[in-house]
Protein chains: 2
Amino acid sequence: MKELLPKISLKVNEHVYLKDPQSSELGRRILQGSIDLLEEVGLEAFTFRKLAHEISSTEASVYRYFESKHKLLLYLTSWYWAWLEYRLIFSLINVESPEDRLGRALKVLTEVVEEDSDFLFINEIKLQHIIVAESSKAYLTRDVDEENKFGIFAGYKKIVQRVSDVILEINPKYKYPHMLISTAIEGAHQQRYFAEHLPRLTDHIKGEDSVVEFYRGLVFRAIECFPKRDK
Amino acid sequence: MKELLPKISLKVNEHVYLKDPQSSELGRRILQGSIDLLEEVGLEAFTFRKLAHEISSTEASVYRYFESKHKLLLYLTSWYWAWLEYRLIFSLINVESPEDRLGRALKVLTEVVEEDSDFLFINEIKLQHIIVAESSKAYLTRDVDEENKFGIFAGYKKIVQRVSDVILEINPKYKYPHMLISTAIEGAHQQRYFAEHLPRLTDHIKGEDSVVEFYRGLVFRAIECFPKRDK
DNA sequence: GCAAAAATGATAGTAATACTATTATATTAG
DNA sequence: CTAATATAATAGTATTACTATCATTTTTGC
């Protein structure tokens with residue numbers, strides 16, 4: 001995907017920021033700096049104070065962009081879903097067979113990001129690490145319902161819906177397409193986290209990306225279709 | 001299981017508490033009160049101050065039992081794993097066929113708790129709500145590795161290992177038994193959370209417990225065995 | 001190129017949180 | 001019944017998560 005398109009920017013729900021961080025230099029430094037800092041210290045130890053220091057700005061200035069660190073986390077996760085959707089669309093373009101489409105979609109949803117390219121101030125590799133460890137905290141709060149009303153999780157739902165539709169093309173009778181896809185997405189994150197920190201909760205087979213292989217097998221078997229492997 | 005056994009207590013790793021809360025009246029009030037309060041306000045808004053107030057004690061006294069609210073959360077999750085293991089053992093007693101054993105195990109891992117019975121000061125129904133919404137926060141921290149060294153997640157691993165072994169009895173060649181089980185356990189929590197807060201990420205079919213049905217199908221298909229339904 | 005507007009920086013302040021410490025009082029165990 | 005232990009009452013500290021104010025810089029519209 002690298003360099004195929006002019007640099008574009010991804011839309012994030014307006015309710016997560018006070019001022020669009022993609023619209024100014026400081027805003028972009030906030031995004032970049034917060035990705036660096038979050039990856040380094042984790043959400044719990046992350047503060048706007050430290051962030052401001054890291055980017056040579058002030059706490060008050062950061063607060064002009066984001067109401068709280070929770071909103072900033074929502075921003076990053078929303079951005080990630082938008083980015084995933086963008087990659088999903090690309091990887092499905094011109095692919096006809098629904099089985100192929102599903103296989104490719106699953107790969108995008110479960111694989112590890114290895115190049116950081118399309119977006120100037122977002123390091124996608126670091127962002128994925130953050131997503132793996134922190135994204136569930138974005139919705140596991142007392143504010144979910146309220147935030148959900150404002151469409152903050154729409155990007156996530158859209159992806160799940162999109163891939164569910166592919167499943168239903170393959171097997172219109174399959175009863176749990178949304179569960180299956182959200183299980184694969186969240187599960188892939190968890191399994192990567194487990195591999196790093198709690199390896200007895202997962203499996204790793206040398207020479208393959210076991211997370212990708214596992215969820216591929218899981219999904220295709222669940223919907224009762226045995227796919228032709230792409231080489 | 002109700003009343004079959006004399007009241008017993010479950011062992012929790014020593015490193016999560018300063019003083020065993022099951023050993024004193026105040027300790028038990030702390031457990032009971034924290035389950036009530038956590039369910040009511042969620043982990044973020046939960047403080048030892050509020051807890052102390054709720055149980056008519058003091059902050060300082062609570063701190064004599066638990067170093068921090070994170071440790072208290074670890075206590076509750078560890079207790080939950082111990083309790084799940086206990087229920088797992090019961091549900092597999094005298095069941096010979098490995099397919100049956102797996103079916104029963106999955107049911108225990110994914111079903112909703114409906115009675116609160118065996119343990120005096122732990123409300124298992126409320127505890128399960130807390131687990132659904134908060135348990136992943138117990139390991140998604142910077143302290144995981146350190147805590148893992150002290151065996152704090154051993155209870156969880158033990159369950160995963162136990163059920164993985166059943167899978168391998170059925171299909172010794174299956175490559176991802178741990179992934180499969182941890183996916184089912186965590187996934188079941190997530191899907192219940194989604195059902196309540198983000199329903200477009202899941203599926204619900206009237207007249208069945210879709211979470212249980214979904215993971216049952218998923219697991220049996222993944223390992224290539226088509227189970228006889230129990231009734 | 002300049003005035004007005006907007007963005008940022010510098011600094012300060014507040015309420016709440018997450019603890020620690022001290023001493024007094026109650027409870028319990030030998 | 002005394003000594004040890006547990007709990008309560010109270011106070012205090014450092015940090016966090018903000019909000020407010022005002023000065024300074026940058027941007028923009030003409």
Side-chain angles (χ1 to χ4, degrees), chain A residues 14-34 37-38 40-76 121 134 137-138 140-143 146-147, chain B residues 14-34 37-38 40-76 121 134 137-138 140-143 146-147:
Chain A
E14 298 186 325
H15 295 94
V16 307
Y17 53 79
L18 297 170
K19 188 179 161 180
D20 182 2
Q22 300 197 49
S23 73
S24 75
E25 219 261 295
L26 178 62
R28 290 185 290 268
R29 266 160 57 217
I30 289 173
L31 293 181
Q32 200 168 18
S34 63
L37 188 58
L38 272 171
E40 197 188 323
V41 306
L43 186 66
E44 281 69 32
F46 175 96
T47 67
F48 278 3
R49 205 159 195 282
K50 292 178 195 162
L51 171 61
H53 189 254
E54 171 134 342
I55 62 175
S56 309
S57 178
T58 64
E59 224 180 325
S61 298
V62 176
Y63 274 104
R64 277 187 207 102
Y65 286 82
F66 294 102
E67 230 173 281
S68 63
K69 78 170 168 183
H70 178 240
K71 287 287 172 79
L72 173 53
L73 177 65
L74 286 175
Y75 186 96
L76 294 176
F121 41 90
E134 322 285 3
K137 297 170 193 167
L140 293 174
T141 16
R142 289 292 148 142
D143 305 321
E146 188 64 16
E147 286 162 358
Chain B
E14 298 187 325
H15 294 94
V16 307
Y17 54 78
L18 297 170
K19 187 179 163 180
D20 182 3
Q22 300 196 48
S23 73
S24 76
E25 220 260 294
L26 178 61
R28 291 184 289 266
R29 264 160 58 217
I30 289 173
L31 293 180
Q32 200 168 18
S34 62
L37 188 57
L38 272 171
E40 196 187 325
V41 305
L43 186 66
E44 282 68 33
F46 175 95
T47 67
F48 277 4
R49 206 159 195 281
K50 291 178 195 162
L51 170 61
H53 190 253
E54 171 133 343
I55 62 175
S56 311
S57 178
T58 63
E59 225 181 325
S61 298
V62 177
Y63 274 104
R64 270 184 218 107
Y65 286 83
F66 294 103
E67 230 173 281
S68 62
K69 80 171 167 183
H70 177 241
K71 288 287 173 78
L72 172 54
L73 177 65
L74 286 175
Y75 187 96
L76 295 176
F121 41 91
E134 323 284 3
K137 299 171 192 167
L140 293 174
T141 18
R142 289 292 148 142
D143 305 322
E146 188 64 16
E147 285 162 359

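Naming: A, B, ... by sequence-line order, numbering from 1 per chain. Computed from a predicted model, the values in this text were never measured in an experiment.
Distances shorter than 4.0 Å separate none of the side-chain N or O atoms of Thr58(A) from OP1 or OP2 on dT8(C). Between dT17(C) and Thr47(B), no contact under 4.0 Å exists linking OP1 or OP2 to a side-chain N or O. The side chain of Ser56(A) contributes no N or O atom lying less than 4.0 Å from OP1 or OP2 of dT8(C). Contact between the side-chain N/O atoms of Ser57(B) and the OP1/OP2 oxygens of dA8(D) is found at a separation under 4.0 Å. The side chain of Lys69(B) contributes no N or O atom lying less than 4.0 Å from OP1 or OP2 of dC19(C). Contact check, Tyr65(B) against dT7(D): a side-chain N or O comes under 4.0 Å of OP1 or OP2.
Of the candidate nucleotides dG9(C), dA9(D), dA6(D), dA9(D) has the atom lying nearest to any side-chain atom of Ala60(B). Minimum atom distance to the side chain of Ser61(B) is reached by dA8(D), of the listed dT8(C), dA8(D), dA18(C). Of the listed nucleotides (dT7(D), dT20(C), dG9(C)), dG9(C) has the atom at the smallest distance from the side chain of Leu26(A). Checking dT20(C), dT16(D), dT19(D) against the side-chain heavy atoms of Tyr63(B) singles out dT20(C) as nearest.
In plain terms, the two heavy atoms of Ser34(B) and Leu51(B) that are nearest each other are N-CD1, 3.4 Å.
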_Let's go through Ser24(A) and Tyr65(A) carefully: what are the C-alpha distance in whole Å and the side-chain angles of both, what is the deciding distance for side-chain hydrogen bond (donor to acceptor under 3.5 Å, both in side chains) to 0.1 Å, and is it a yes or a no?_
CA-CA 10 Å; Ser24(A) 75; Tyr65(A) 286 82; 2.5 Å; yes

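Atoms CG (Leu72(A)) and C1' (dC18(D)) sit 15 Å apart, rounded to a whole Å. One interatomic measurement links the two molecules: CZ of Phe46(B) to P of dC19(C), which rounds to 12 Å at whole-angstrom precision. As a whole-Å value, the separation of Glu67(A) CD from dT19(D) C1' is 12 Å. Protein atom NE2 of His53(A) is 19 Å distant from nucleotide atom P of dT8(C), rounded to whole Å. In this structure, Lys50(B) atom NZ and dA18(C) atom P are separated by 9 Å, rounded to whole Å.
Salt-bridge formation is detected for the pair Lys137(B)/Glu44(B): a Lys NZ or Arg NE/NH1/NH2 atom is positioned less than 4.0 Å from an Asp or Glu carboxylate oxygen.
Nearest-nucleotide mapping onto DNA chain D: of Arg64(A) and Arg49(A), the residue sitting toward the 5' end is Arg49(A).
More than 12 non-hydrogen atoms from other residues, nucleotides or ligands lie less than 6.0 angstrom from CZ of Arg142(B).
Side-chain contact of Tyr17(A) with Gln22(A): a donor-acceptor pair under 3.5 Å is absent, judged by distance alone.
Counting distance only, with no hydrogens placed and no angle test, the side-chain atoms of Glu59(B) and the base atoms of dC19(C) include a donor-acceptor pair under 3.5 Å.
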